[in-house]
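Naming convention: chains lettered A, B, ... in sequence-line order (proteins, then strands); numbering from 1 in each chain.
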Amino acid sequence: MAVTPPQLPSTPPEDIGELKTRAQLLAGRCLGQLAALAGLPLPADLSRSKGLVGNLLERWLGARAGNRPLPDFTHLGIELKTLPVDSDGKPLQSTYVTKVPLCDLEALEWRTSSVFAKLRHVMWVPIQAEPAVPLAERVVGQAFFWRPSAVEEQLLCADWEYHLARIRAGDVNAIKGSDGAVLQVRPKARSAETITWAELPHQRTMPTRPCGFYLRPSFTEYLVQRYFFDAGRPSP
DNA sequence: ACGTGATCATTT
DNA sequence: AAATGATCACGT
């Protein structure tokens, strides 16, 4: 049977089934082919195009959340994340989630937070990302869907609450990348000199480094392992 | 200027 | 080698 090249969708997927169908057509294809079919040039490397792979997959899957702090497939409540992996399926980078909030801090709650909104339902798309492989030859993997289990949500929530407590206390500039078991707070800005203002409770404000929440590679590695190597196994 | 898409590059 | 802190491009 002839292999039909996929076509760029013009509309978001109507349901998760359509999203899975689109992803299935991309699995096993290389970035060079997908970029060419989309009419986009591929640079030699990602040093000046760090978001290129994510943006390319957004186009191929019909994601349209723009830069809003909402899931990519807004009507489905599903967030798209590409996951750079090596040949063993091990993540090579942390995963950016969303900006760390610096205003209306009193009212924030885990269940209504941007982190929870983004991670409640994630479509992970592994992408071959070893630097030795030319960008155009890197292969798109099998996508998988993840909803945090009760235990996983508790891990995320505990880190989020811990970070928020420090932010509310005015200690955001003291948070280190080593803080948090699965969810980190790290700089997220144009440069180290970029400054924004945190609106702390009781109308205090303070100059602050813009930061983002990130998932540690060890956490996403666990998700990959669970999905691809533990699926369907009987419980002990 | 800010948030999302992330990876880069230096330190540990 | 892994992790942390720094950085690049794009759309709005």
Side-chain angles (χ1 to χ4, degrees), chain A residues 12 31 34-35 38-74 78-88 90-104 108 113-115 117-119 122-136 138 140-141 143 159 163 172-199 205 207-222:
Chain A
L31 298 180
L34 294 179
L40 298 176
L42 263 194
D45 63 80
L46 294 174
S47 63
R48 295 288 173 127
S49 312
K50 295 181 181 181
L52 183 149
V53 178
N55 295 148
L56 182 62
L57 269 291
E58 283 184 345
R59 295 177 70 130
W60 275 106
L61 294 169
R64 295 178 170 284
N67 69 341
R68 296 174 294 170
L70 297 170
D72 295 288
F73 304 102
T74 310
I78 297 175
E79 172 73 9
L80 169 65
K81 286 293 176 197
T82 59
L83 189 63
V85 297
D86 68 13
S87 55
D88 296 325
K90 181 176 177 179
L92 293 171
Q93 303 286 350
S94 57
T95 299
Y96 173 69
V97 180
T98 192
K99 290 301 297 287
V100 169
L102 295 172
C103 61
D104 302 324
L108 290 176
S113 69
S114 293
V115 175
K118 292 244 181 190
L119 297 185
V122 178
M123 176 189 198
W124 295 99
V125 183
I127 310 278
Q128 182 180 31
E130 287 157 310
V133 180
L135 183 58
R138 297 181 188 179
V140 177
D159 283 344
H163 293 313
V172 60
N173 292 322
I175 300 177
K176 302 296 184 185
S178 52
D179 297 332
V182 298
L183 188 70
Q184 299 172 293
V185 169
R186 306 222 309 276
K188 174 68 168 165
R190 190 68 175 77
S191 83
E193 285 72 45
T194 305
I195 292 295
T196 188
W197 293 89
E199 297 179 23
T205 67
T208 304
R209 300 279 310 283
C211 292
F213 288 112
Y214 295 79
L215 295 176
R216 291 185 176 281
S218 54
F219 185 71
T220 52
E221 178 180 6
Y222 149 83

Roughly how far, to the nearest 0.5 Å, is CG of A/L215 from CD of A/E221?
->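 It comes to 13.5 Å.
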Calculate, to the nearest 0.5 Å, the distance between atoms CG and OG1 belonging to A/L102 and A/T205 respectively.
->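 These two atoms lie 11.5 Å from each other.
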Shortest non-hydrogen contact from A/A44 to A/L135?
->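 Of all heavy-atom pairs spanning A/A44 and A/L135, the closest is O-CB, 4.1 Å.
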Please name the pair of heavy atoms, one in A/Q184 and one in A/G177, separated by the smallest distance, quoted to 0.1 Å.
->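 That would be NE2-O, 3.0 Å.
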A/Q184 or A/E193: which one's nearest nucleotide on DNA chain C is closer to the 5' end?
->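 That would be A/Q184.
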Given that A/S191 and A/S178 both sit by DNA chain C, which one's nearest nucleotide is further toward the 5' end?
->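 It is A/S178 whose nearest nucleotide is closer to the 5' end.
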Pick base, sugar-phosphate or nothing for A/R59, based on heavy-atom distances below 4.0 Å to the nucleic acid.
->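 No contact.
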Walking along DNA chain C from 5' to 3', note the first and the last nucleotide with an atom under 4.0 Å from a heavy atom of chain A, and give both.
->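 In short, chain A contacts DNA chain C from C/dA2 to C/dG11.
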Spell out, as yes or no, whether a donor-acceptor pair under 3.5 Å connects the side chain of [X] to the backbone of [Y].
X     : Y      : answer
A/D88 : A/K90  : no
A/D72 : A/L80  : yes
A/D86 : A/E130 : no
A/K81 : A/Y96  : yes

Quick one: what's the B/S/- string for nucleotides 2-12 of chain B, heavy-atom cutoff under 4.0 Å, read 5' to 3'?
-> SBBBBBB----
